[in-house]
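Below is one structure, written out as structure tokens; comments come after it.
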Protein chains: 2
Amino acid sequence: MLTYSEENYLKTIFHLSQGQKHGISTNAIAAKIETKASSVTDMIKKLNEKKLIKYQKYQGVTLTSEGLMAAKMIVRKHRLWEVFLVEKLNFNWDEVHDVAEELEHIKSEKLINKLDAFLGYPTEDPHGDPIPDSKGDMKMINKQLLSELPIKKTAICIGVKDSSSDFLQYLDKQKISLGSKIEILEIEPFDQSYRIKINDYEITVTKKIVNNLFVKTN
Amino acid sequence: MLTYSEENYLKTIFHLSQGQKHGISTNAIAAKIETKASSVTDMIKKLNEKKLIKYQKYQGVTLTSEGLMAAKMIVRKHRLWEVFLVEKLNFNWDEVHDVAEELEHIKSEKLINKLDAFLGYPTEDPHGDPIPDSKGDMKMINKQLLSELPIKKTAICIGVKDSSSDFLQYLDKQKISLGSKIEILEIEPFDQSYRIKINDYEITVTKKIVNNLFVKTN
DNA sequence: AAATAAATTTAGGCAAAGCTAAAAATAAAT
DNA sequence: ATTTATTTTTAGCTTTGCCTAAATTTATTT
């Protein structure tokens with residue numbers, strides 16, 4: 001049985017490992033968890049003892065298959081609860097993260113599987129991130145940044161890279177949400193601003209915006 | 001902000017205080033929480049410091065109005081989550097307690113009020129216990145033990161005194177649930193067994209059963 | 001009213017998870 | 001290839017919440 005804190009470390013290592021081939025550094029974990037490097041070292045030793053991570057002094061850590069599965073189950077819970085909060089309790093997508101951060105630690109397999117069924121076995125959370133199923137499998141979404149989309153090619157908004165409240169609220173204000181039809185009309189060479197079409201109306205946004213929106217074509 | 005453990009103590013003191021005019025003893029708390037008396041004393045001092053309970057050495061404790069409100073909010077969360085588990089996720093009423101025990105500690109007022117709305121502002125949990133509203137008010141149910149009900153008077157089953165799994169499962173087996181119409185037909189003087197009518201069929205039960213079922217008359 | 005029993009509190013410790021400050025290892029720069 | 005800087009680890013301390021064992025207070029007997 002994992003403690004609250006152990007679960008947070010596993011989850012963090014999982015997130016930091018995405019698209020990373022080498023081990024995760026002590027400092028990277030400390031920064032993400034907002035704790036001190038020495039505390040991370042302590043926990044790393046503990047997780048290593050429990051064979052949830054592979055660890056060599058000074059060499060960073062990687063999840064073992066057991067640790068990976070545990071991490072995925074936490075992510076599964078987090079994202080299912082987010083779906084619940086948005087779809088059933090009408091939270092906005094920028095309000096759910098902190099609450100889900102607590103709910104993800106509730107220990108009951110029965111609960112999470114029943115919740116999954118209640119929600120209709122969703123495969124993505126409200127930010128467009130994939131939800132691992134009860135075996136840990138998650139369908140990888142064919143996503144790209146809006147900034148990488150060719151001009152005049154239409155796509156569908158499927159997620160965000162930065163999921164800070166500020167950004168999510170900005171998107172709400174601009175009426176950009178998951179499923180919006182989106183297309184780059186032109187890029188202004190002078191200031192790198194983007195003229196884009198959302199569903200049926202046009203707006204101008206900065207490069208920072210298009211660099212943080214995920215889309216999929218067709 | 002209260003810790004997980006502080007919340008459990010407050011909740012326990014609240015439950016033990018029901019229908020009690022004098023203070024709650026250290027040992028009573030220890031027994032309910034399944035911890036040692038010395039640990040209880042430690043926590044009592046802490047809660048006293050925080051003005052959540054009134055405490056004089058060796059004299060037991062009572063909740064202050066602040067402590068009472070905090071306790072009610074925890075009970076509110078516990079019972080709302082129980083309703084959710086039973087009504088939305090199809091748990092049986094004997095399976096919900098342990099999970100609700102964890103869920104009750106999730107800290108978000110917004111969450112609990114939205115959950116309340118989602119469930120349609122229920123006033124009772126699946127065991128027939130009243131749910132405090134967001135101000136802490138709970139409608140007192142006019143309930144009595146089935147054993148106190150006069151013979152041949154019909155009543156409605158509205159709750160249980162003992163909410164152990166064993167008892168709840170027994171009730172399921174006997175098809176006794178909240179809302180069942182119930183009536184004592186006769187009491188066998190020889191062995192104190194009760195012949196009772198549930199909805200439309202008759203069964204015989206022991207004294208222990210009628211001592212643990214709450215009913216209300218019309 | 002003593003004496004015994006039971007309940008409660010104190011004193012001293014332990015494990016988890018954090019911290020600071022100092023030491024050690026690795027990486028970067030001259 | 002040293003020196004300097006950065007990263008990581010170690011050592012030792014803190015708090016929370018629990019524990020055991022001993023001391024103290026209250027309750028119950030005789």
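In the text below, chain A, chain B and the rest are named by the order of the sequence lines, each starting its count at 1.
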Take Met43(A) and Lys57(A), find for each the nucleotide of DNA chain C with the closest heavy atom, and name the residue whose nucleotide sits nearer the 5' end. Met43(A)
Counting only distance, no hydrogens or angles, is the base of dT20(C) paired donor-acceptor with the side chain of Ser38(A) under 3.5 Å? yes
Have a look at Thr35(A) and say if it touches a base, only the backbone sugar-phosphate, or nothing, with a 4.0 Å heavy-atom cut-off. sugar-phosphate
Least distance between heavy atoms, Ser163(B) atom then Leu168(B) atom: O-CD1, 3.6 Å
Within 45 degrees of the axis of the six-membered ring of Phe84(B) and under 6.0 Å from its centre: does Lys88(A) put its NZ or CZ there? no
If you find the nucleotide of DNA chain C closest to Lys36(A) and the one closest to Gln59(A), which residue's nucleotide is nearer the 5' end? Lys36(A)
Quick check on ring pair (Phe, Tyr, Trp, His ring centres under 6.0 Å): which of His127(A), His97(A), His105(A) does His78(A) satisfy it with? His97(A)
Of the residues in residues 6-23 of chain A, which ones touch DNA chain D at a heavy-atom distance under 4.0 Å? none
Ignoring hydrogens and angles, tell me if any N or O in the side chain of Arg79(B) forms a donor-acceptor pair with the backbone of Pro130(B) under 3.5 Å. yes
Can you find a side-chain donor-acceptor pair between Asp166(B) and Ser164(B) that sits under 3.5 Å? no
With a cut-off of less than 4.0 Å, is there a side-chain N or O of Thr41(B) near OP1 or OP2 of dT9(C)? yes
Can you tell me the distance, in whole Å, between the CG atom of Asn27(B) and the C1' atom of dT8(C)? 8 Å
Asp42(A) has a side chain; which of dT8(C), dG18(C), dT7(D) sits nearest to it? dG18(C)
Between dT9(C), dC18(D), dT8(D), spot the one nearest the side chain of Tyr55(B), thanks. dT9(C)
Euclidean distance, atom CD of residue Glu34(A) to atom P of dC19(C) [Å, nearest integer]: 11 Å
Just how far, in rounded Å, is P of dT16(D) from CG of Leu2(B)? 13 Å
Using modelled atom types and a 3.5 Å cut-off, is there a donor and acceptor pairing between side-chain atoms of Glu102(A) and backbone atoms of Lys107(B)? yes
Worked verdict on Gln144(B) versus Val215(B) for side chain to side chain contact (heavy atoms under 4.5 Å, CB included): CA-CA 6 Å; Gln144(B) 64 186 142; Val215(B) 299; 3.9 Å; yes
With a cut-off of less than 4.0 Å, is there a side-chain N or O of Ser25(A) near OP1 or OP2 of dT7(D)? no
Testing dT10(C), dG18(C), dT9(D) for proximity to the side chain of Lys45(B), the answer is dT10(C)
Would you classify Ser39(A) as touching base, sugar-phosphate or nothing, given that sugar-phosphate means primed atoms plus P, OP1 and OP2, and contacts are heavy atoms under 4.0 Å? base
